[in-house]
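Below is one structure. I have some questions about it.
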Amino acid sequence: MATAVQTAPYAPSCSVPGAEGPVLVGRSPLVGRERELAVVLHCLSRQAKGGGIWITGEPGVGKTRLAQEVVAASQPAPRAARPPLAVDPRKGPGVGGLPYEPEADGGVSAGIECLTAVEVLDAAGPLLRTDARRPRTLWIEDAHLLDAQGVAVVMRIAHRGTHKLLITANADEAAPRLHMLWKDQYLARLDLAPLDAVSARRLAAALLEGRLNWSGAVRLAEMSAGNPMLLRELLRAALGQGLLTRDGDQWHLGDGTPTSSALRDLVAPGIAALPDTERTALQLIALAEPARLAVLETVVGSATLLRLEDRGLVRGRGHGGGSGPRPVGALGIAHPYLGQVLRQDAAPLRSREWVRTWAAALDARGDQLPAERVRVAQWQLDTGLVPDEPSLLDAARHALHGHELPAAARLATAAWRTHGTALAAELLGRVLLAGADLDELIGFAAEAGADRPDVASRLDPLAARALALQGRHAEADRLIERLHGDEQEAARAVSACFRGRADRELTEAVPPVARPGAAHRTESALLAMAALCRQGRPLDALEVHRHLQQQGAGEPGAGGLCDADWLAEAHALALLCAGRLEAAENLLTRAYRSAAEGHRVRVDAQRGLALGCALYERGRLREALPYVTFTPAYRVGWPPWQTKARIYAALIAGCLPPHGLPADDDTLRGLSGGRHATALALARARLAHRDGDQDTAARLLGAAADTALDDEAYGDAVTALHEHARLGLPPHPGALADLPVQGPFLRARLHYARALATGDAKLLGRTCHALADCGASLYAAEGYAELARLQRDAGRERAATAATAQARGLLRRCGDVITPPLHFLGDGPSLSLRERTVAALAARGMADKEIAARLVVSPRTVSNTLYRVYRKLGVGDRRDLRRMLSA
């Protein structure tokens, strides 16, 4: 997401100065509970007195931690000083936190008093005698430990309705009478579910101050099943066992399973009293999961399985596809960490005997499933049994196609080391490419293919792609010249793609698309779609996608760059360029969530990045920022995606209020454009314009537009021309050209530039309407802001007021954005471009001499310009100017 890992200063770290190993932060940060926190605060503030909320959930899910955050948020503080709730937009639409605004007549501003179950009786008298004009908010912690008298006191307090109640309790252990509080609607009830996959990863990374690498965070999130207490103990056990190794400023989690007495205590109650028969069956399920139910019934017996299900130790898993309910076809351990413990505790000889029995049972059925092939092959390696080459390769291919990259790497490596065939080498190369281990792939291809032509012929196409991904195009070209036929054709298309040559990319990619049975048809089709979008032909790209779907895309082993990974992105890009922005966002949201919930490292980051870019085009910049903000611990892997992330992070920074954001181009230093050359020019131009260097901004965008027009990349040209107009730069000749672009979105962006170049208010009005219909709220709001200025300059005040209202309505969807067209929106007389630039720089706190140096004018000219601005806007100084600009 992309997910990016962002840690907040929730609590001080307990790191020891000079310590060599990582140390957990002192207090677990509240991660992934923004929505729940807002709900609790709302329930405690919506009435003047009485009411409240009951927070429940399984042990370790974070009930007490959430209540502590509620207490912290309720401490008296000046209204302006109260920090806003942290919102996690990486979860997608509809899951972020809600803003908390306590009502004037209620709220929790007076603070919350905490009472344990033992203290309730001691405080009963004063609480029940409290005058109704002096209500309190009471947090009763672990209310399930209350005895009968304590329950009676709490019931009386709730019935009296003087005090508000915040109760944390395990619902299964609470007294039945206590449940009447929420059943009779005295209290609201909030059931805390385990953290979702993304939030669990964020918490794992935050516990090590954001220095845990992403794959380690994913493993811990998967083992903990979203239970914050278990996740913390897993990380603590990993520290104690030395499973964390340091690489620069990052920590990597080793392959072992973190164990400790505390962790075993958490899972022991569920299996301590199990009979030997059931424990053995449970261990078999852990070793074989997902274990097919029909095979288990033969090997173990239905009666044993029913007893395990009644104890809640196993859970059903569905097989098959479709959107409807799926029948239970397999069983797995209900808690992932319990499965880890059972597998670790399995005796070697017993495990070897089980794998033989299980493999024989599967072979007898003759319909082994992909997941079973992967699991059995890994199980055999665990016990020292080396499968035959066809079994290893088949399992590795299934793992790769299912994005199980660690399993695929292990199986492919075993196949190469044991059998050493060209097929094994190729499969290992594909796994390395999919996992972004580019240097390792290039070295492996050179070493393994040095004296084996059969191996070199299979690895060289993959090495050529790795070199192209790294931007080492000269080396890639030399390697491509050694290829033949379809392999050479496909590698040339990939090389053209990452060089940014849309025309050559399309020329090389189209023939395999139209040729039935081409070796890299899917990969070539996806490259063709990207090239068509850059050329401004998204409708043609959608037609290619439709053809792909009809023919079957993303089949195992069909291409060199894990084709299925790109399918959602390529489709969403075509939808976006065609003007269907909401459909593109929805598609990428589903794809990102699928990858995140499936723990698909790198795939989730790649899809999250695409989602962030779509949100940027929609104008929701604060939501987009976490998806494109990668840290050293969280990277998408492939260098072009890293470049894209840095570019879009800078683009977003250039559209947000300047406080707390970089004021220079450090984020962009050292980047080369390639396929992202136009976006890089936009980011650099925007930062230059924000610093008052309009000449540099105009030069960068003009060069980008000219280059795109020369290459017939008309989609890129429209993007550059639109940005040129958004920054208020002198018109570019390309804005007046009738460029052959498809779809309402690209045409509207071109018409925006043309309308501002010619001062055509009618064209600009139609353009704003088209942009709003496409879902580009920020672009439409900017258009209405410029339309208001045109109308006001023409003396049409009523039309100007209507356009201003349209702009402000659209901006409510975008948040706190600040771009040049929005400066001084609707504030009296229009300002010229130079006046707006000087005013924006002055509002940032720059002195007249600094502004003069930036704009290459005299300080007196700056002073005179500011004087005119003050008179037009009716403000007295820079402070008023800053206030008006930020509003």
Side-chain angles (χ1 to χ4, degrees), residues 10-16 19-33 56-69 116-117 141-142 144-145 168-170 172-173 192-195 197 199-209 211-212 216-245 251-274 279 282-283 286 311-313 333-346:
Y10 293 97
S13 168
C14 64
S15 299
V16 180
E20 294 297 325
V23 182
L24 294 180
V25 296
R27 182 185 180 190
S28 300
L30 187 74
V31 172
R33 298 296 189 201
T56 187
E58 65 184 43
V61 80
K63 301 183 293 294
T64 300
R65 183 68 188 85
L66 177 60
Q68 290 172 345
E69 199 70 18
T116 64
E141 185 179 7
D142 293 334
H144 55 274
L145 301 179
T168 55
N170 298 337
D172 294 342
E173 303 174 38
L192 279 190
L195 295 174
S199 297
R201 298 178 193 183
R202 290 176 57 220
L203 178 58
L207 288 172
L208 280 182
E209 299 180 312
R211 297 168 63 193
L212 178 64
V218 169
R219 281 189 57 212
L220 289 173
E222 190 173 10
M223 280 191 283
S224 68
N227 186 296
M229 179 175 67
L230 180 55
L231 191 150
R232 186 184 67 245
E233 293 305 317
L234 282 168
L235 195 49
R236 199 188 306 277
L239 290 172
Q241 292 176 249
L243 292 179
L244 290 167
T245 57
W251 293 99
H252 294 262
L253 181 64
D255 294 333
T257 300
T259 56
S260 67
S261 57
L263 284 170
R264 290 187 176 274
D265 288 343
L266 290 176
V267 298
I271 60 175
L274 282 182
R279 178 185 286 271
L282 195 65
Q283 198 164 60
R311 294 175 182 269
L313 294 174
I333 303 299
H335 198 291
Y337 182 69
L338 176 57
Q340 297 274 353
V341 172
L342 290 169
R343 284 190 288 272
Q344 188 178 52
D345 291 348

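As a basis for the values below, the full set of heavy atoms in this structure was taken, side chains included, without hydrogen atoms, waters or symmetry mates.
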Given the rule in the side-chain contact (heavy atoms from CB on, under 4.5 Å) test, do Lys63 and Asn170 qualify, once you have shown the distances and angles that lead to the verdict?
CA-CA 9 Å; Lys63 301 183 293 294; Asn170 298 337; 2.9 Å; yes
Taking all non-hydrogen atoms of both residues into account, name the closest pair between Ala200 and Gly226 and its distance.
CB-CA, 4.3 Å
What distance separates Arg65 CZ from Thr168 OG1, expressed to the nearest 0.5 Å?
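Here the rounded value is 13.5 Å.
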Will you find, in the side chains of Thr257 and Gln344, an N or O donor that is under 3.5 Å from an N or O acceptor?
no
Taking every heavy atom of Ala262 against every heavy atom of Glu233, the minimum-distance pair comes out as CB-OE1, 3.9 Å
What closest approach, in Å, do Gly339 and Ala286 show between heavy atoms, and which atom pair accounts for it?
O-CB, 4.0 Å
What's the verdict on side-chain contact (heavy atoms from CB on, under 4.5 Å) for Val61 and Arg33, showing C-alpha distance, side-chain angles and the deciding distance?
CA-CA 11 Å; Val61 80; Arg33 298 296 189 201; 3.5 Å; yes
Contact between Pro29 and Arg202 at the side-chain level, heavy atoms closer than 4.5 Å - yes or no?
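Of all side-chain heavy-atom pairs linking Arg202 with Pro29, none is under 4.5 Å.
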So if I apply the side-chain contact (heavy atoms from CB on, under 4.5 Å) rule between Leu253 and each of Leu243, Leu235, Thr245, which one comes out positive?
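Option passing the side-chain contact (heavy atoms from CB on, under 4.5 Å) with Leu253: Leu243.
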Side chains of His144 and Asp142: closer than 4.5 Å at any heavy-atom pair?
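Answer yes - side chains close enough.
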Measuring only between side-chain heavy atoms, which start at C-beta, is Leu207 closer than 4.5 Å to Leu220?
no
What's the separation between atom CG in Leu263 and atom CG in Leu234, rounded to the nearest 0.5 Å?
5.0 Å
Contact summary for Gly60 and Pro228, nearest pair of heavy atoms:
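Smallest interatomic distance, heavy atoms only, reads O-CD, 3.2 Å.
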Roughly how far, to the nearest 0.5 Å, is CG of Leu212 from CZ of Arg201?
12.0 Å
To the closest 0.5 Å, what do you measure between CG (Leu195) and CG (Leu231)?
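Rounded to the nearest 0.5 Å, the CG-CG separation comes out at 8.0 Å.
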Within this structure, what is the CG-CG distance for the pair Leu66 and Leu192, rounded to the nearest 0.5 Å?
5.5 Å
Report yes or no: does Gln241 contribute a side-chain atom to a donor-acceptor pair with the main-chain N or O of Thr259 at less than 3.5 Å?
yes
Stepwise, does the salt bridge (charged side-chain N to carboxylate O under 4.0 Å, His left out) test hold for Asp345 with Arg264?
CA-CA 11 Å; Asp345 291 348; Arg264 290 187 176 274; 3.0 Å; yes
Nearest heavy atoms of Leu342 and Gln283, plus distance in Å
O-NE2, 3.3 Å
Rounded distance (nearest 0.5 Å) linking atom CG of Asp172 with atom OG1 of Thr56
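If we round to the nearest 0.5 Å, Asp172:CG and Thr56:OG1 are 7.0 Å apart.
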If I compare all heavy atoms of Ser199 with all of Val31, which pair ends up nearest, and what's the gap?
O-CG1, 3.5 Å
